[in-house]
Amino acid sequence: MPFGTRVRRLGRLLVIAGALLATFVLFASIAMRVAIRAREVPTPELVGRPVDEATRLAADHGLTLRVDDLRRADATVPVGHVVAQDPPPGATTRRQRAVRVWLSGGQKVAVAPALVGESERAARMRLAEEGLGIAPVAEIRSRLYPPDVVVAQDPAPAVETSEVRLLVNRGEDRVVYVMPDLIGLNGERAAQVLRSQGFRVAIVAQQAASGIPPGVVLRQQPAGGYQVHPGDPISLEVSR
């Protein structure tokens with residue numbers, strides 16, 4: 001048989017063998033995927049269920065239940081019911097895998113700490129450390145206490161509770177004035193009146209102004225009509 005004919009036959013055999021091998025690999029891959037998917041199940045919703053019911057539901061999906069020793073405080077889930085799970089509901093997992101769950105320890109009851117005299121921020125941090133909730137804060141405005149300090153609490157210290165209500169002082173209300181329009185007035189006299197009311201007034205510049213006597217206010221900051229408080233800075237520019 002001529003050498004060229006033998007080479008062509010060998011080439012055809014190699015092509016056929018390659019095609020058969022590729023087909024085998026393709027079907028093997030498909031079969032493997034089908035087998036894997038056949039073993040995959042969605043994780044059921046277990047949160048809120050008692051342990052025995054969660055165990056049965058997990059078993060119905062070909063899964064087992066692993067209960068964590070640590071219980072989590074939760075006011076909305078009854079004691080002994082599932083409060084959290086891993087994997088989460090709806091996640092795909094393999095059969096015979098364990099679903100880890102945490103049970104509710106119920107609403108945590110602790111002793112209210114003494115918070116009067118502490119800053120609101122410090123009181124919030126203390127309550128968080130104790131695992132206690134905090135109700136909406138009530139406010140007063142008084143010169144008798146420092147600003148943002150707890151002046152009362154409910155319940156009193158050493159009382160068992162799950163939540164603490166705070167009364168916080170926001171500081172004395174500041175007097176509010178409407179900034180007058182000073183343009184055209186004598187700058188020194190205007191500054192003297194404003195300083196007597198507790199404002200910090202400064203003449204920051206003098207500008208040449210044709211036909212205007214020296215010392216007359218040309219510009220001001222803040223402008224007339226704005227709200228100002230005693231202690232606020234006021235800048236004036238006057239003619240020279």
Side-chain angles (χ1 to χ4, degrees), residues 47-48 68-84 102-182 185 187-205 217 219-237:
V47 174
D68 195 278
D69 294 334
L70 179 64
R71 295 205 171 194
R72 298 184 177 182
D74 194 294
T76 60
V77 178
V79 176
H81 288 54
V82 178
V83 71
W102 290 263
L103 303 184
S104 171
Q107 187 173 22
K108 182 175 181 178
V109 176
V111 174
L115 301 173
V116 174
E118 294 192 13
S119 69
E120 181 185 1
R121 182 174 180 274
R124 287 182 178 275
M125 293 175 62
R126 181 90 174 274
L127 291 173
E129 290 173 356
E130 297 290 338
L132 293 169
I134 180 169
V137 174
E139 301 177 355
I140 62 169
R141 290 190 177 274
S142 172
R143 68 176 63 184
L144 301 178
Y145 308 97
D148 297 321
V149 164
V150 178
V151 298
Q153 69 177 79
D154 181 39
V159 175
E160 285 192 352
T161 184
S162 60
E163 184 181 72
V164 177
R165 292 174 291 278
L166 302 177
L167 179 64
V168 177
N169 181 44
R170 293 306 184 197
E172 186 180 5
D173 279 333
R174 299 175 68 190
V175 178
V176 179
Y177 294 97
V178 176
M179 183 68 190
D181 187 352
L182 305 176
L185 301 180
E188 288 295 341
R189 285 198 293 269
Q192 185 178 0
V193 172
L194 291 171
R195 287 172 184 145
S196 68
Q197 299 298 320
F199 293 96
R200 295 183 290 118
V201 186
I203 297 177
V204 297
V217 178
R219 295 183 183 85
Q220 66 181 77
Q221 183 65 34
Y226 278 79
Q227 288 189 348
V228 290
H229 305 84
D232 288 350
I234 296 175
S235 300
L236 303 178
E237 296 183 20

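- Between His81 and Asp74, every side-chain heavy-atom pair lies at or beyond the 4.5 Å cut-off.
- Leu115 contributes atom CG, which lies 13.0 Å from atom CZ of Arg165 (distance to the nearest 0.5 angstrom).
- Here the shortest heavy-atom pairing between His229 and Phe199 reads O-CE2, 3.1 Å.
- Here the side chains of Ile203 and Glu188 are in contact, with some heavy-atom distance below 4.5 Å.
- Electrostatic pairing of Arg200 and Asp232 does not count as a salt bridge here, judged by no charged N lying under 4.0 Å from a carboxylate O.
- The closest donor-acceptor contact from the side chain of Ser104 to the backbone of Val77 lies under 3.5 Å.
- Looking at heavy atoms from C-beta onward, Gln221 lies out of side-chain contact with Met179 at the 4.5 angstrom threshold.
- The shortest non-hydrogen separation linking Ala123 to Val150 is CB-CG2, 3.9 Å.
- By the 4.5 Å heavy-atom criterion applied to side chains, Val83 and Val47 are not counted as neighbours.
- Under the 4.5 Å side-chain criterion, counting only non-hydrogen atoms from C-beta, Val151 is not in contact with Leu144.
- Ion pair Glu118/Arg124 not flagged as a salt bridge, since none of the NZ, NE, NH1 or NH2 atoms sits closer than 4.0 Å to an Asp/Glu carboxylate oxygen.
- Closest heavy-atom contact between Val228 and Pro222: CG1-CG, 3.9 Å.
- Under the 4.5 Å side-chain criterion, counting only non-hydrogen atoms from C-beta, Gln220 is in contact with Asp181.
- Using a 4.5 Å heavy-atom threshold, the side chains of Pro157 and Val116 count as separate.
- Other residues, nucleotides and ligands place more than 12 heavy atoms under 6.0 Å from the CZ atom of Arg141.
- The shortest heavy-atom contact between Leu132 and Pro113 is CD1-CD, 3.9 Å.
- Within a 6.0 Å sphere centred on CZ of Arg219, other residues, nucleotides and ligands contribute 12 heavy atoms or fewer.
- Atom CZ in Arg126 sits 11.5 Å away from atom OG in Ser119 (nearest 0.5 Å).
- Pro146 approaches Asn169 most closely through the heavy-atom pair O-ND2, 3.1 Å.
- Atom CG of Leu194 is separated from atom CD1 of Ile234 by 4.5 Å, given to the nearest 0.5 angstrom.
- Heavy atoms only, all atoms of each residue included: Arg72 and Ala84 are closest at NH1-CB, 3.6 Å.
- Counting only distance, with no hydrogens or angles, the side chain of Glu120 and the backbone of Ala122 share no donor-acceptor pair below 3.5 Å.
- With contacts defined as side-chain heavy-atom distances shorter than 4.5 Å, the pair Leu167/Glu139 does not qualify.
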